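What you see is a predicted model, and the numbers here were worked out from it, not measured in a lab. Residue numbers start at 1 and run along the sequence shown.
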Amino acid sequence: MNDLVNSIFSMNVDVYMQAEYQDPNTGAIKKTWMYQKTIPCFAKGVISNSSTTRGGDNQTISAKYVDKQTIEIRTASRLTYRQKVTNIRDGAGNPIWVELDYPSDTPTVFEITSSTPITDPFGNLMAYNSIAKRSENQKIGD
């Protein structure tokens, strides 16, 4: 990559793709997440003080504990609803978002909720901006 792209996408993220398979014993369709690739990105938390827009981090304790976290990820390639991302790292390879004490500061898993292209003034595609929310299931696999 050139220096300009490296300066814009100063982080890396692991992308997992949803795959479906049929259980040979029951015939049920099951889903699993398989590692697809690592791509350069730039991610930041979404912060808002307005009740009419999407909010940032939020924790709720009621009948069920809910930990809501939303991030914005900019990438050169499009992310889709059938993908999850995790292990967002800085340039030195240090994880940025982690699950505290689960079981030992593991990288947070996020689900892609939307993606939109970013174009220059001439209509040329430059990158994609995606919104991701913290996945309720922090395990990637079966």
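- With salt bridges taken as basic N to acidic carboxylate O contacts below 4.0 Å, none links Asp14 and Lys37.
- Considering every non-hydrogen atom in both Val109 and Thr86, the closest pair reads CG2-OG1, 3.8 Å.
- Residues Phe42 and Ile8 fail the side-chain proximity criterion, which asks for heavy atoms closer than 4.5 Å.
- Taking NZ from Lys139 and OG1 from Thr106, the interatomic distance works out to 12.5 Å, rounded to the nearest 0.5 Å.
- Here the shortest heavy-atom pairing between Met34 and Ala19 reads SD-CB, 3.9 Å.
- One finds the CG atom of Asn87 at 12.5 Å from the CE atom of Met11 (value rounded to the nearest 0.5 Å).
- The minimum heavy-atom distance linking Gly45 with Trp97 is given by the pair N-CZ2, 3.7 Å.
- For the side chain to side chain contact (heavy atoms under 4.5 Å, CB included) test, residues two or more places apart in sequence or in another chain that qualify with Pro117 are Leu125, Tyr128.
- Thr38 and Asn12 form no side-chain donor-acceptor contact under 3.5 Å, judged by distance and modelled atom types alone.
- For the residue pair Thr119 and Met126, the shortest heavy atom distance occurs at C-SD, 3.9 Å.
- Taking the six-membered ring for Trp and the full ring otherwise, the centers of Tyr35 and Tyr16 sit less than 6.0 Å from each other.
- Counting only residues at least two apart or in different chains, salt bridge (Lys or Arg N to Asp or Glu O under 4.0 Å) contacts with residues 116-132 are absent.
- In this structure the side chain of Lys44 never reaches within 4.5 angstrom of the side chain of Ile71, judged on heavy atoms.
- Within the model, atoms CZ of Phe110 and OG of Ser130 stand 13.0 Å from one another, a figure rounded to the nearest 0.5 Å.
- Interatomic distance, NZ of Lys84 versus CD of Gln18, reported as 8.5 Å (0.5 Å rounding).
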Should Ile39 and Val13 be marked as a side chain to side chain contact (heavy atoms under 4.5 Å, CB included) after you check the CA-CA gap, both sets of side-chain angles, and the distance that decides it?
CA-CA 6 Å; Ile39 59 173; Val13 63; 3.6 Å; yes

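- Atom OG of Ser115 sits about 11.0 Å away from atom CZ of Arg74, to the nearest 0.5 Å.
- Within the 4.5 Å cutoff, no side-chain heavy atoms of Ile131 are placed close to those of Ile112.
- The two residues Trp33 and Arg82 make their nearest non-hydrogen contact at CZ3-O, 3.3 Å.
- Donor-acceptor pairing under 3.5 Å is recorded for the side chains of Gln83 and Gln36.
- Asp90 places a side-chain N or O within 3.5 Å of a backbone atom of Asn94 that can act as its donor or acceptor partner.
- Atom OG1 in Thr116 sits 11.0 Å away from atom CZ in Arg78 (nearest 0.5 Å).
- For the 3.5 Å distance criterion, the side chains of Thr108 and Glu99 qualify, holding a donor opposite an acceptor.
- Residues Gln138 and Pro107 approach most closely at OE1-O, 4.1 Å, considering heavy atoms.
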